[in-house]
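Here the structure is a predicted model, which is why all the values come from computation and not from measurement. By convention in this document, chain letters (A, B, ...) are assigned in the order of the sequence lines, proteins followed by strands, and residues within each chain are numbered from 1.
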Protein chains: 2
Amino acid sequence: MRNDTQASTKDQILDIAESHFATFGFAGTSLRGIIKEANVNVASVAYHFGSKDDLFAAVMQRFAAPVVEAQLNRLSSEMSQPNITLEKILRAFYEPPIQLVHSLGAKGEKLSLFLGRCHSEPEPIFSLVDSHFASCRNRFIDAFKALEPDKTESVYHWRFEFMLSLIVNFLTRHKNIMQRYQTSTDWNANDVVDMLCQFCLNGMSAQQIKK
Amino acid sequence: MRNDTQASTKDQILDIAESHFATFGFAGTSLRGIIKEANVNVASVAYHFGSKDDLFAAVMQRFAAPVVEAQLNRLSSEMSQPNITLEKILRAFYEPPIQLVHSLGAKGEKLSLFLGRCHSEPEPIFSLVDSHFASCRNRFIDAFKALEPDKTESVYHWRFEFMLSLIVNFLTRHKNIMQRYQTSTDWNANDVVDMLCQFCLNGMSAQQIKK
DNA sequence: ATAGAATTCAATCATATGATTAAATCAATC
DNA sequence: GATTGATTTAATCATATGATTGAATTCTAT
């Protein structure tokens, strides 16, 4: 341990790596860039994590995993209630990541970018990301199916994709977007969740009408 | 000119470059990889385009520009009609890229990936991409405003972002998604436009209710 | 205090990368 | 068929990259 106010080498690397992956993408991030900003030695990365791929996986595991877990817990508790609705499913999906990101302040903005951008990484990173979110996808698709069983399979899948794309877009771009129509980039977590839920809920009701 | 059946060096580079940028992203694409698959010399890239950045810009210009132009033409002709509706604006946005991509077959799938992925490129590519789509964004935001003038500025901006995120998600991921619920990855352009329009139209009506 | 484990360090490897140069080849024109 | 301009080629530069090594240092338990 270096000293009390400084994070451990491992955490320091994770923090900066997350920031760089979020800002530059996986391919655009170099270990050199990370270790320079983190003030650690290149070999520390290999020692603590292994390869660059392993480092990315560690960053994923550190933050994405808890988010998915929170979403699934919320979904489970909602589904065990008798009066389940589409809106409750949507809130179970949107609230955990939005509230976590918002609660972390400046650090959360980096996490936000990372969470958003990891969904559009090229292979082989995409498969890694997908493996982290596959259980989440499957469970939410099952929830859509359980709530309204008489639709074609494709409807459930596209519901999930549309729901996902809205939050990915928000996480990746909200800062840019808000700068276009107001000076501040502050936002309220509840308002954002409401906005996403309302849009998605009504969008899904369109599918109910059509087929 | 090499021979009659083979594309010119310049077009050959553009084709393969588009494919590689689509598959690996900008940072993940190497000029070596492109020129190897295109069977041309490295210096040809510099000769015809300049730098790697310039090559990306040329690929953007070649396909993104016509799509934006088609969207804006559609929007203009719709806006000049007396009975303009939200749905007509949405169709003006969705139909040109979807129909173009679909009409090109296997080549269109590459274009689809490229069009989708370029929207989530890190800087400095993002700024280049944004400059190509800025006019499109502004004009569609203006259309939303003209149709329903009494909303807060943020509503129009988020409408555009949600509209955009749905098609970006479709372009980037439709192949993966469809493989999950059916064996074929064929799709019908009209059905997709309908799906996107219906979801988006109803989603936007939610904003009308709230504010 | 010290032995042993854990961690950090400087140095180096092999390769990949974007870019550039000057010579060679091709195509059109006279 | 020689001239001229456009295009392609092989070779090379300077640098960046992910990874690894073995020695030095720090930490921990005794």
Side-chain angles (χ1 to χ4, degrees), chain A residues 1-60 62 118 121-128, chain B residues 1-60 62 118 121-128:
Chain A
M1 181 84 54
R2 316 158 74 91
N3 73 50
D4 293 337
T5 57
Q6 194 165 6
S8 71
T9 299
K10 197 170 177 179
D11 286 337
Q12 180 75 355
I13 293 173
L14 278 176
D15 281 342
I16 307 297
E18 180 191 58
S19 167
H20 279 229
F21 286 139
T23 307
F24 308 115
F26 178 79
T29 294
S30 75
L31 295 183
R32 256 71 176 192
I34 294 173
I35 60 108
K36 187 179 173 186
E37 190 175 334
N39 285 310
V40 299
N41 191 277
V42 209
S44 303
V45 176
Y47 177 77
H48 287 287
F49 302 100
S51 67
K52 185 185 176 186
D53 292 55
D54 295 331
L55 175 59
F56 186 92
V59 176
M60 279 289 297
R62 186 202 201 193
C118 73
E121 284 289 348
E123 293 287 358
I125 299 300
F126 177 76
S127 286
L128 172 72
Chain B
M1 182 83 59
R2 316 159 74 91
N3 74 50
D4 292 338
T5 57
Q6 195 165 6
S8 71
T9 299
K10 196 170 177 178
D11 286 338
Q12 180 75 354
I13 293 173
L14 279 176
D15 281 342
I16 307 297
E18 180 192 57
S19 167
H20 279 229
F21 286 139
T23 307
F24 309 115
F26 178 79
T29 294
S30 75
L31 296 182
R32 257 71 175 193
I34 294 173
I35 61 107
K36 188 179 174 186
E37 189 175 335
N39 284 311
V40 299
N41 190 278
V42 211
S44 302
V45 177
Y47 178 76
H48 287 288
F49 302 99
S51 67
K52 185 184 176 187
D53 292 55
D54 295 331
L55 175 59
F56 186 92
V59 175
M60 277 289 297
R62 186 202 200 193
C118 74
E121 285 289 349
E123 293 288 358
I125 299 300
F126 178 75
S127 286
L128 172 72

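Atoms CG (A/D54) and P (D/dG18) sit 13 Å apart, rounded to a whole Å. Separating the CD atom of B/Q12 from the C1' atom of D/dT7 is a distance of 16 Å, rounded to the nearest angstrom. Rounded to whole Å, the distance from CZ on B/F24 to C1' on C/dA16 is 15 Å. At whole-Å resolution of the value, CG in B/N39 and P in D/dT8 are 13 Å apart. Rounded to whole Å, the distance from CZ on A/R32 to C1' on D/dA19 is 9 Å. Atom NZ in B/K36 sits about 11 Å away from atom P in C/dT17, given to the nearest Å. Rounded to whole Å, atom C1' of C/dT7 lies 11 Å from atom CD1 of A/I13. One atom, CD1 of A/I35, and another, C1' of C/dA11, lie 13 Å apart when rounded to the nearest Å.
The B/K52 side chain lies nearest to C/dG18 when the options are C/dA10, D/dT9, C/dG18. For B/L31, the listed nucleotide lying nearest its side chain is C/dA19; candidates were D/dT20, C/dA19, D/dT9. Side-chain proximity of A/A43 to C/dT20, C/dA19, C/dA10: nearest is C/dA10. Of all nucleotides listed (D/dA6, C/dA19, C/dT12), D/dA6 comes nearest to the side chain of B/Y47. Side-chain proximity of B/S44 to the nucleotides D/dT20, D/dT8, D/dA19 is greatest for D/dT8.
For A/T9, a side-chain nitrogen or oxygen approaches OP1 or OP2 of C/dT8 to under 4.0 Å. B/S30 has no side-chain polar atom (N or O) that falls below the 4.0 Å cut-off from OP1 or OP2 of C/dA16. Proximity of B/N41 to the phosphate of D/dT7: no side-chain N or O atom is located under 4.0 Å from OP1 or OP2. Between D/dA6 and B/H48, no contact under 4.0 Å exists linking OP1 or OP2 to a side-chain N or O.
Here the side chains of A/D15 and A/R62 are in contact, with some heavy-atom distance below 4.5 Å. A/L14 is listed as a side-chain neighbour of A/F49, based on a closest heavy-atom distance under 4.5 Å. Side-chain atoms of A/L55 and A/F21, non-hydrogen and from C-beta on, do get closer than 4.5 Å to each other.
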Which pairs would a plain distance check flag for residues 27-38 of chain A, meaning a side-chain donor or acceptor within less than 3.5 Å of a matching protein atom at least two apart in sequence or in another chain?
residue : atom : partner : partner atom : Å
A/T29   : OG1  : A/H20   : O            : 3.0
A/T29   : OG1  : A/G25   : O            : 2.7
A/S30   : OG   : A/G33   : N            : 3.0
A/E37   : OE1  : A/H20   : NE2          : 2.6

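In this structure, A/K52 forms a cation-pi arrangement with A/F26, its terminal cationic atom sitting closer than 6.0 Å to the ring centre and no more than 45° off the ring axis.
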